[in-house]
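A quick note: this is a predicted structure, and the numbers were derived from the prediction, not measured.
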Amino acid sequence: MRPVFFLALICFNTSLLFGQNNSSDVNVRNDRVKTVQLTKEDWNLSYPIIKLNSNEKLKLQFDILSDQAESFYYTFVHCDKDWNNSNIFIGDYLEGFEENPLDDYKSSFNTTVSYYHYSLVFPNERAGLKLSGNYLILVYEPGKKDDPVLTCRFIVTENAGSIEAIAQRPRMAGDNYQTHQQIDFTYNYSGIGLNDPFRNIYASILQNGKWGTSKNNLKADFQGNNDLKYSSLSDKVTFPGGNEFRYFDIKSIRYKSENVRDVEFLMSNYNVFLQPSDNREFKPYFYSKDINGKYIIAYQEGQDPETDADYVFVYFTLPGKEINGGEIYVSGAFNNWRLDSANKMFYNPLANQYESTILLKQGWYNYEYVFLKKGDQIETREPFEGNHFETENDYIILIYYRNPRERFDRVLCTKTVNTLNNIKD
């Protein structure tokens with residue numbers, strides 16, 4: 001039986017979708033849902049941002065670990081700048097039919113783990129988006145609107161006005177001077193006709209597209225000549241620089257590729273053992289090209305990585321003493337930056353190391369180790385990665401505007417700044 005998808009309206013508190021800190025760009029609530037990616041249709045390393053009333057499209061992809069196709073529904077929800085439901089009528093932001101079938105799915109081929117791969121390209125001829133702003137796309141099982149199996153954030157921008165930005169070391173010389181990066185930027189709104197922009201415009205900054213560590217609801221420090229300037233001696237526009245991401249290559253299971261110690265076939269599954277990781281906290285900065293925490297699905301011996309790539313168990317080891325007062329996680333876009341039992345590391349006192357096993361689809365991966373102290377909601381890169389002002393990072397700047405006469409937040413403009421060769425002393 002072929003699976004059927006429909007577009008429907010859901011009204012609920014969106015904070016329930018992301019947990020207490022409402023900070024994940026993708027939330028997966030079903031263990032059989034794997035490898036969720038939302039990018040531009042023609043660029044699998046892009047951030048999920050498109051221009052309103054343009055030809056740009058986004059592509060949602062995910063796998064269901066199953067030997068048969070299953071039925072789901074999906075919906076779009078417009079959100080305010082804080083990712084709460086805007087509570088506006090669906091006809092205000094959606095153009096087209098409320099119910100739309102989706103039949104782009106296919107079965108895995110010749111893999112040890114059976115799965116179905118689903119994809120959706122939007123906006124399309126059946127459903128268009130009429131407003132800028134923050135959006136959620138939700139996928140859920142029939143009759144379970146309040147319990148979606150996955151949710152993804154994306155942005156629709158108007159590209160109204162312009163943003164000029166620079167990345168530099170923090171202006172206040174101190175403990176952060178060697179470890180942090182500061183993003184100063186100016187938003188020019190000439191010719192747009194905004195109502196009290198100094199009061200009604202807010203900005204957000206994301207490092208590498210990660211909402212969990214974003215700076216939100218930023219107000220301008222200065223206004224003049226149709227410019228709003230965000231430049232502060234405080235820490236409101238500064239971020240820990242982090243380190244270049246660690247990486248491994250599992251495009252092939254026929255040989256040991258870079259950073260892979262061994263590949264074994266055990267208990268009907270392939271098992272990939274990575275080289276033991278080193279502690280980089282106090283090591284000098286060393287540049288290595290990465291993809292800022294993202295991953296690429298690829299299969300070296302096949303034609304279609306979407307269905308030919310297999311799922312393998314990847315073993316991470318981090319030698320060192322046990323650290324009290326918190327937990328260690330393997331983090332990256334591969335698990336949507338979430339910190340949960342699926343990517344938590346456990347200490348093995350016999351081997352004197354932290355260990356974790358994660359089921360991943362074949363490809364090329366970036367990752368890092370993070371530490372979450374008890375009682376904290378934001379993780380740190382200490383004590384394993386370290387922070388450096390030279391680290392190459394992406395910063396996404398978002399400009400929000402709320403007209404007092406309207407009931408939703410517009411996204412006027414966005415800009416992505418990369419720090420490589422652009423950090424100013």
Do the charged groups of [X] and [Y] touch, with an N to O distance under 4.0 Å?
X: Lys344; Y: Glu327; result: yes
X: Asp196; Y: Arg199; result: yes
X: Arg246; Y: Asp278; result: yes

Run the salt bridge (Lys or Arg N to Asp or Glu O under 4.0 Å) test against [X] and tell me which residues pass, sequence neighbours left out.
X: Asp304; answer: Lys106
X: Asp147; answer: Arg29
X: Asp221; answer: Lys236
X: Asp92; answer: Arg407

Would you say Tyr369 and Tyr354 make side-chain contact, with heavy atoms under 4.5 Å? no

Flag side-chain contact, heavy atom, 4.5 Å: Asp25 against Asn336: yes

Side chains of Thr391 and Asn243: donor-acceptor distance under 3.5 Å anywhere? no

Pair Asn403-Asn195, side-chain donor/acceptor within less than 3.5 Å: no

With a sphere of 6.0 Å drawn around [atom1] of [X], does it hold more than 12 non-hydrogen atoms of other residues, nucleotides or ligands?
X: Lys219; atom1: NZ; answer: yes
X: Glu164; atom1: CD; answer: no
X: Lys57; atom1: NZ; answer: yes
X: Asp376; atom1: CG; answer: yes
X: Phe222; atom1: CZ; answer: no

Contacts of type side chain to side chain contact (heavy atoms under 4.5 Å, CB included), residue Ser341, not counting sequence neighbours: none

Taking the six-membered ring of Tyr401 (Phe, Tyr or Trp), confirm whether the NZ or CZ of Arg410 is under 6.0 Å from its centre and within 45° of its axis. no

Measure from NZ or CZ of Lys81 to the centre of the six-membered ring of Tyr400 and say whether it is under 6.0 Å with the direction within 45° of the ring axis. no

Do the side chain of Tyr93 and the main chain of Phe76 share a donor and acceptor less than 3.5 angstrom apart? yes

Sequence neighbours excluded - side-chain hydrogen bond (donor to acceptor under 3.5 Å, both in side chains) pairs with any residue from residues 34-43: Thr35-Tyr311

Residue from Phe248, Phe334, Tyr247 passing ring pair (Phe, Tyr, Trp, His ring centres under 6.0 Å) with Tyr367: Phe248

